[in-house]
Amino acid sequence: MERYYSYSRFLKEMFGEKIYKISLNGGFTCPNRDGTLSKGGCIFCSEGGSGEYAESAALPIAAQIDRGKAQSNRKYSGGRYIAYFQAFTNTYAPVKRLRTLYEAAIRPEEIVAIAIGTRPDCLPEEVLNLLEEINRQKPVFLELGLQTCHDSTAAFLNRGYETAVFTRAVEACASRGIRVTAHLILGLPGETPAMQEETIRYINQLPVGGVKLSMLHILKNTRLAEIYARKPFPLFTLESYTDCVISCIERLRPDIVIERITGDGPGDLLIAPSWSLHKRNVLNTIHREMKRRDSFQGKQLL
């Protein structure tokens, strides 16, 4: 029994086979780093802007795809891929430049879709028009960092936008047929289980296609690491994270694809929690506990 709507099932339903993501680097920055909004970025964000596993931005997109394919061949026997613009804010550039990058990414026949990580406040009308156009050629999977629906927590994180901006962005994308995945971080400082449940309820009310769930990581060279060093705050144990993520899954609308249930921060940057490095063990622990509890996605909504 599959106890939640997994990303692998979604992709097999859509494309008929297992699909592998190739992380690309378009050389973007972020308005929360370049001084437009702030120069510090979100306090949890690493210097690589969550793109530590992508290729160098100095390489052309076609070369990055070739390298990604070569790397994937070590563990993936299929021949079709999703081009994933992951590092920083991947709609934060003039439309002409975005078009060049996106069209280069979808040009290879073996690329079946394009995934784009960005901020909901970086989707002006002209960018949405471009995404809608690209989506008519190959599916666009837009990934938006929400982390929490609570503006008080977001202010502490230096997220740089109010939750209402996320709401409007998701609705604008849905009206154009663009699928959206929301990134959520569990265990944020000051957030209670009830507040995390409120974020899940907020997501349930929106036309969101997927979510990515992760525990909070403390990474080197971030402002969060400085805060943690001065005054350590409680972090999840494997057991408490398992309990929290299962609670979220049970409250999540069953048609929403759960694209991730754990995070794996770079080992050379991770300060805590160290147990999160053992991704297979985390996944196995969550799956075993879900089976033990007879837990499944949407159980608490029945």
Side-chain angles (χ1 to χ4, degrees), residues 3-4 6-8 20-21 23 41-54 75 84 86-88 115 117 143 145-148 153 156-159 181-193 195-197 199-200 203 210-252 257-293 295 297:
R3 297 183 178 273
Y4 59 88
S6 68
Y7 194 47
S8 60
Y20 189 87
K21 269 185 175 179
S23 291
C42 297
I43 65 172
F44 55 82
C45 191
S46 68
E47 292 177 340
S50 301
E52 284 82 8
Y53 302 110
K75 53 183 175 180
Y84 183 22
Q86 183 178 15
F88 297 108
E143 300 192 9
L146 173 66
Q147 321 316 344
T148 175
T153 309
F156 168 73
L157 297 176
N158 195 42
R159 191 178 68 183
T181 294
H183 287 225
L184 306 181
I185 296 179
L186 305 178
L188 293 168
E191 290 224 338
T192 63
M195 293 174 73
Q196 290 171 159
E197 291 172 13
T199 293
I200 297 297
I203 290 294
V211 297
K212 286 187 171 183
L213 303 173
S214 176
M215 72 292 291
L216 179 67
H217 289 109
I218 311 296
L219 300 179
K220 295 176 183 176
N221 305 318
T222 63
R223 284 195 290 158
L224 186 61
E226 296 173 5
I227 295 169
Y228 186 71
R230 288 197 304 268
K231 189 176 181 180
F233 48 83
L235 295 174
F236 282 124
T237 63
L238 174 56
E239 293 71 25
S240 62
Y241 180 71
T242 297
D243 188 62
C244 178
V245 79
I246 290 175
S247 176
C248 290
I249 291 170
E250 289 187 344
R251 288 168 171 78
L252 192 68
V257 180
I258 300 178
E259 301 182 18
R260 182 178 69 195
I261 59 172
T262 184
D264 50 348
D268 59 337
L269 295 180
L270 185 68
I271 296 172
S274 59
W275 56 262
S276 66
L277 287 172
H278 307 289
K279 184 175 181 180
R280 178 52 53 190
N281 181 55
V282 177
L283 291 171
N284 288 342
T285 300
I286 294 169
H287 293 157
R288 280 197 306 268
E289 187 63 13
M290 291 190 76
K291 182 178 181 181
R292 189 188 71 80
R293 299 183 189 186
S295 176
Q297 186 173 345

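The model shown is predicted, which means the values in this text are computed figures rather than measured ones. Sequence positions, counted from 1, serve as the residue numbers for this chain.
Residues Leu188 and Gln196 form no side-chain contact, since every pair of their non-hydrogen atoms from C-beta on lies 4.5 Å or further apart. The side-chain heavy atoms of Leu235 and Tyr228, taken from C-beta on, include a pair separated by under 4.5 Å. Here the side chains of Asp264 and Leu277 are not in contact, with every heavy-atom distance at 4.5 Å or above.
Between atom CG of residue Leu213 and atom CD1 of residue Ile200 there is a gap of 6.0 Å, rounded to the nearest 0.5 Å. Atoms CD1 and CD1, on Ile249 and Ile258 in that order, are 4.5 Å from each other to the nearest 0.5 Å. Rounded to the nearest 0.5 angstrom, Glu239 CD and Cys244 SG are separated by 13.5 Å. Summarising the geometry, atom CD1 belonging to Ile246 is positioned 8.5 Å from atom CZ belonging to Arg292; distances are rounded to the nearest 0.5 Å. Atom CD1 of Ile218 is separated from atom CG of Leu224 by 3.5 Å, given to the nearest 0.5 angstrom. In this structure, OH on Tyr84 lies 13.0 Å from OH on Tyr20, to the nearest 0.5 angstrom.
Remark: side-chain polar atoms of Ser247 are not paired, donor with acceptor, to backbone N or O of Asp243 under 3.5 angstrom. A donor-acceptor contact shorter than 3.5 Å is absent between the side chain of Glu191 and the backbone of Leu186. Although no hydrogens or angles enter the test, the distance criterion places a donor-acceptor pair under 3.5 Å between the side chain of Arg223 and the main chain of Gly41.
For the pair Met195 and Gly190, the tightest heavy-atom approach, listed with the atom from each and the gap, is SD-O, 3.7 Å. Heavy-atom minimum distance, Phe233 versus Ile227: CE2-CG2, 4.3 Å. Smallest separation of non-hydrogen atoms from Pro273 and Met215: CG-CG, 4.2 Å. Of all non-hydrogen atoms in Glu143 and His183, the two that sit nearest each other are OE1-NE2, 2.8 Å. Closest approach of Ser214 to Gly263, counting heavy atoms only: OG-CA, 3.5 Å. Taking both residues in full, the closest heavy atoms of Leu216 and Pro189 are given as CD2-CD, 3.7 Å, listed atom of the first, atom of the second, then distance.
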request  = Check the pair Leu184, Thr148 against side-chain contact (heavy atoms from CB on, under 4.5 Å), reporting the backbone distance first and the verdict last.
outcome  = CA-CA 6 Å; Leu184 306 181; Thr148 175; over 6 Å; no
task = Apply the test side-chain contact (heavy atoms from CB on, under 4.5 Å) to residues Thr222 and Phe44: give CA-CA distance (whole Å), side-chain angles for both, the deciding distance (0.1 Å), then the verdict.
result = CA-CA 6 Å; Thr222 63; Phe44 55 82; over 6 Å; no
message = Apply side-chain contact (heavy atoms from CB on, under 4.5 Å) to residues Asn281 and Leu238 and explain how you reach the verdict.
response = CA-CA 10 Å; Asn281 181 55; Leu238 174 56; 3.6 Å; yes
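Using cut-offs of 30° and 60° for the angle between ring planes, the Tyr241 and Phe236 rings count as perpendicular.
Considering Glu250, His287, Gln297 in turn, His287 is the only one that fulfils the side chain to side chain donor-acceptor pair (under 3.5 Å) rule with Tyr4.
Residues Thr242 and Glu289 have side chains that never bring a donor and an acceptor to within less than 3.5 angstrom of each other.
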